[in-house]
Every structure is written in structure tokens, then in C-alpha cells.
Amino acid sequence: MEKIQMTTPLVEMDGDEMTRVLWAMIKEKLILPFVELRTEYYDLGLLHRNETRDQVTIDAANATKRLGVAVKCATITPNKQRMEEYPQLTEMWKSPNGTIRAILDGTAFRAPILLPCIHPVVKNWKAPITIARHAYGDMYKAVDFLTQEPGTATLTFQADSGAQQSLTVQHVDGGAVWQGMHNTTNSIRAFARSCFQYAIDTRQDLWFSTKDTISKVYDGTFKSIFEEEYETRYRAEFEKLGLQYFYTLIDDAVARVIRSRGGFIWALKNYDGDVMSDMVATAFGSLAMMTSVLVSPDGTMEFEASHGTVTRHYYRYLKGEKTSTNPIATIFAWSGAFKRRGELDQLPALVRFGEAMEQASLETLESGVMTGDLVSLVDEGFEATAVSSEEFLDAIAARLVEKLA
Ligand code: NAP
Ligand code: MG
């Protein structure tokens, strides 16, 4: 079989623990036999981030900006416990995803992979619901404190020019809690552009919801920036493609999402997205079936799985056990990157290869060959066998060979 050619490299970011093991297996079994793979490789494994003082993460993000498409393996974000586990760490390095998101100014879109043999808890959901979560500001960059005495809090903005703006927050008669939070109009605009662009790229309607009836200026600004971007930049393209941009209050959106059949993007502010993405992921099935793609306003895309490095399985793997860790979301990160690279470089064979990887994976699952996490989720009466990650990848590879023949 002749190998599929690439013209521009992908940015490849390797990672940690069990997902690093799966990463190598996916390349060996599903990619290298079929594609003349061209990547710029960055090792984001924790120890290499430490050796480079995290410069490798910054380099990988800048390479993604330059090349337009990246695929990332899950990585450890060190915490206190990890500092003890890896005594050679010289600093508690920041989350690589946070660093990459900041450099690409991107929005993360999370979507579930659906299977006919696993029904979502919400029975009318027939197509994936993609959550777009704003990744900057609000409660996640807030300051807060607790006070005990009667008194008044004020909100003051001191402009660099010397101008000043002030408001009374509240006078209280006793103990109270206070919080000061912000967002920037630049970040909200980048969020809006990423959402509209991704809706166009994936041919899906875009829903956006906030609580602008109560939060008139704060949420109202989100609403009006989205409207302004839609009217001035995206309306024509949306109409040409028959897509809809739909704004509604968040309470109304929740009710409509539950009653919907799915198949759209739901854009949400930071906190709303945090909460709703967990709800939607759980209702669709398994975290191991959630994909994630970071999209910049200019259409740069970094593909990854939503889950982490699956530490518990990794320690079993180190003891010599063959684990049944689900590689699907990581396979779909690769296939998503191939499809995008193929579209940008006008390489239909590469796009077809990405599609074939996905079909071979889904058909393997539908034949009842799956990893342990899914066996407990399938419909009653469906016969499923739990196999190891390696056996599962071999089964997918066999189908992939047939498809490409
Ligand atoms: P996790 O790696 O997502 O795993 C949590 C649990 O979910 C696993 O123990 C496993 O349950 C199940 N699971 C997740 N993915 C699975 C898969 N592909 N196949 C089968 N089961 C799967 O989350 P975590 O344990 O909280 O975090 C571990 C490390 O990942 C942390 O160091 C964290 O910093 C990092 N992390 C990285 C990213 C990222 O790079 N994007 C995201 C999240 C977390 P059972 O053990 O019950 O089988
Ligand atoms: Mg959450």
C-alpha cells in the first residue's frame, strides 16, 4: 500500500502517563503504517517541561500559531502531591493547557462521540451537543473577602489617564461576603469570533446564553459583542450555509437544550461552561468519549482528548498489567488534526484517512469489541467484550487496513 503524503507538518505535543503509552501505540498501529507522517514534535512530558523550564510548552504553542494545526496528548498539571512524586521538579509548572490557551487566545470546544449501543440519559438527544466555554476571567480571576462589621463596599476603577469611576456596591448591617471580578472586551470578542468561526467550519447552529436580564451591563456586554460580531462579520456566511445564530436567556436555554435533539454548539460564559460541560458529558456517557478542540479566532486548531493522563491505569501498567484504557478520544484528536490539515492543504486523501480512522474505531465498538469503561454503559441486550487497549487498537487497525485497501 502506498503511504498517504502530507505537505505541511502537524504540531505534535506528547504528554504523560497512560495517555503517553496510548499515544505511542496509536502512532505505531494506526498512523505510521498508512501515512508518511510529518510532525514538529514537542515533548510536553512533565520532566521535559521541567528540563526546559516550561519553554517547550511556549515553543509548541507558537509552532501551532505558525502551522495552524496541532494534536496534543494529555499532560500532568503538577500540584503539591506531584511535587512529592517527582522530587526533581524545580517549580510547580503551570497547566500546559492554560499556557497554550493564553498564547492562542483560544476557546475550547468539547463534543461527545456517540454510539448507537449507548443511549444518552436524555433520550431525545440524537446528535452531539458541543459546549464552547469561555476560558478567561469572571469568577476564575476574581478577588473576594469576608467582612464582619456593618459598613459599605464601593467599586472603583482608576484609569491610567487619571479618570475615575465609582459605584456603591452595598451597605450592610452585619457580616457579608464580597467579590470583585472582570472580563475584557478583547477576550469576549475573541471568544465570539472563535464560536462563529467554529460553527461555520463544522456547519452547526450556534446558541449563546447569559443572564443579561439581571446582569445588564456585564452579561449585556457579552450579548452585544456577540450580536455586533454576528451582524458585521458572520451573518452573510451563516445565511449562505443555512445556519442559525440563536441568543436566549440561560434558563430558557437549559430547558431548550434538554428538549432538543442535539446537533448544535452551545456557547457559555466561563462558570456556566464549567458546570454545563460536566452535565452534558455525563448525560452523554463517558469522559473517555469526549473530544476537545481549542480554536483561535483565526481558525488555528489544537485537538486533544478531554480526559487526563489516567494515572490509576498507568500505575497498573507499570506493574505489568495490560490495561483496558479507552484510546477513542485520543484517536479522534489525531483524526481531527488530519482532517483539518487535509482541508487546509487541499489533500483529500488525508481527509479521507482521518474519516477512515474514525469509522474503523466506531465500527469496532459497534461490533462489541470495546474497553472496560464502555462495557458497563451499553444498552441491555447488547453483547460487549472488554479487551485491553492493545487488542482494541489491533482490532481497529485491521478494519482500517480493509477501509484503505
Ligand atoms: P483522568 O486522567 O481523566 O482520569 C480520571 C478517571 O476517569 C480515571 O481514573 C478513569 O477511571 C476514568 N478515565 C478517564 N479517561 C479514561 C480513559 N481514556 N479510559 C478509561 N477510563 C478513563 O483525571 P484525573 O485522574 O483527575 O487526572 C490525572 C492527571 O491528568 C492529573 O495529573 C491532571 O493534571 C491531568 N489532566 C490533564 C488534562 C489535559 O491534559 N487536558 C485534563 C485533565 C486532567 P477508573 O480509574 O475508575 O477506571
Ligand atoms: Mg467542571
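None of the values given here were measured: they were computed from a predicted structure. All ligand and atom numbering here is 1-based and tracks the order in the structure. Positions are given from 1 along the sequence.
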Give the numbers and elements of all ligand 1 atoms closer than 4.0 Å to a heavy atom of [X].
X	result
Ala74	40 (O)
Lys72	40 (O)
Thr311	28 (C), 29 (C)
Ala288	16 (C), 17 (C), 18 (N), 19 (N)
His313	20 (C), 21 (N), 45 (P), 46 (O), 48 (O)
Glu304	41 (N)

Discussion item. Does this structure show an ion pair linking Lys240 with Glu237, if we count only N-O contacts that are shorter than 4.0 Å?
Written reply: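 A salt bridge is present here (some side-chain N lies under 4.0 Å from a carboxylate O).
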Worksheet item: Does a side-chain N-to-carboxylate-O contact under 4.0 Å join Arg20 and Asp16?
Response: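 No, Arg20 and Asp16 are not salt-bridged.
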Taking the inter-plane angle between the rings of [X] and [Y] on a 0 to 90° scale, is it parallel (under 30°), tilted (30 to 60°) or perpendicular (over 60°)?
X	Y	answer
His134	Phe191	parallel
Tyr234	Phe196	parallel
Trp23	Trp334	tilted

Item to complete: May I have the step-by-step check of side chain to side chain donor-acceptor pair (under 3.5 Å) for Tyr247 and Thr210, ending in yes or no?
Response: CA-CA 9 Å; Tyr247 176 86; Thr210 71; 2.6 Å; yes
Per-atom contact, [atom], protein heavy atoms, under 4.0 angstrom:
atom	answer
atom 32 (O) of ligand 1	yes
atom 26 (O) of ligand 1	no
atom 41 (N) of ligand 1	yes
atom 35 (C) of ligand 1	yes

Worksheet, complete the sentence: Under 4.0 Å between heavy atoms, the region of Asn97 that gets near ligand 1 turns out to be side chain
Worksheet item: Which is it for Arg312 and ligand 1 at heavy atoms under 4.0 Å: side chain, backbone, both or neither?
Response: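 Arg312 to ligand 1: side-chain contact only, backbone stays beyond 4.0 Å.
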Worksheet item: With a 6.0 Å cut-off on ring centres, are Phe238 and Tyr230 close enough?
Response: yes
Below the 3.5 angstrom mark, is there an N/O of [X], backbone or side chain, next to an N/O of ligand 1?
X	answer
Ser306	no
Val310	yes
Thr325	no

Worksheet item: Does Glu17 have a non-hydrogen atom less than 4.0 Å from ligand 1?
Response: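 So Glu17 does not count as touching ligand 1.
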Worksheet item: Going by heavy atoms, is Arg82 under 4.0 Å from ligand 1?
Response: yes
Fill in: Aromatic Tyr140 / basic Arg133 pairing, under 6.0 angstrom, 45° off normal
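Yes, Arg133 lies over the aromatic ring of Tyr140.
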Fill in: Main-chain N/O of Gly15 paired with Thr19 side-chain donor or acceptor, under 3.5 Å
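A pair under 3.5 Å: no.
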Worksheet entry | Of the listed options Gly308, Gly15, Pro96, Ser389, closest to atom 38 (C) of ligand 1 (non-hydrogen atoms) | Gly308
Worksheet item: Looking only at non-hydrogen atoms, which of Ile76, Thr75, Asn79 approaches atom 39 (C) of ligand 1 most closely?
Response: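 Looking at heavy atoms only, Thr75 sits closest to atom 39 (C) of ligand 1.
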Discussion item. Quick one, His182 with Phe157, criterion ring-ring contact (aromatic ring centres under 6.0 Å, His included). Give me CA distance, side-chain angles, the key distance, then yes/no.
Written reply: CA-CA 11 Å; His182 82 288; Phe157 174 73; over 10 Å; no
Fill in: Derivation and outcome, side chain to side chain donor-acceptor pair (under 3.5 Å), residues Thr147 and Trp178
CA-CA 8 Å; Thr147 56; Trp178 311 89; 2.9 Å; yes
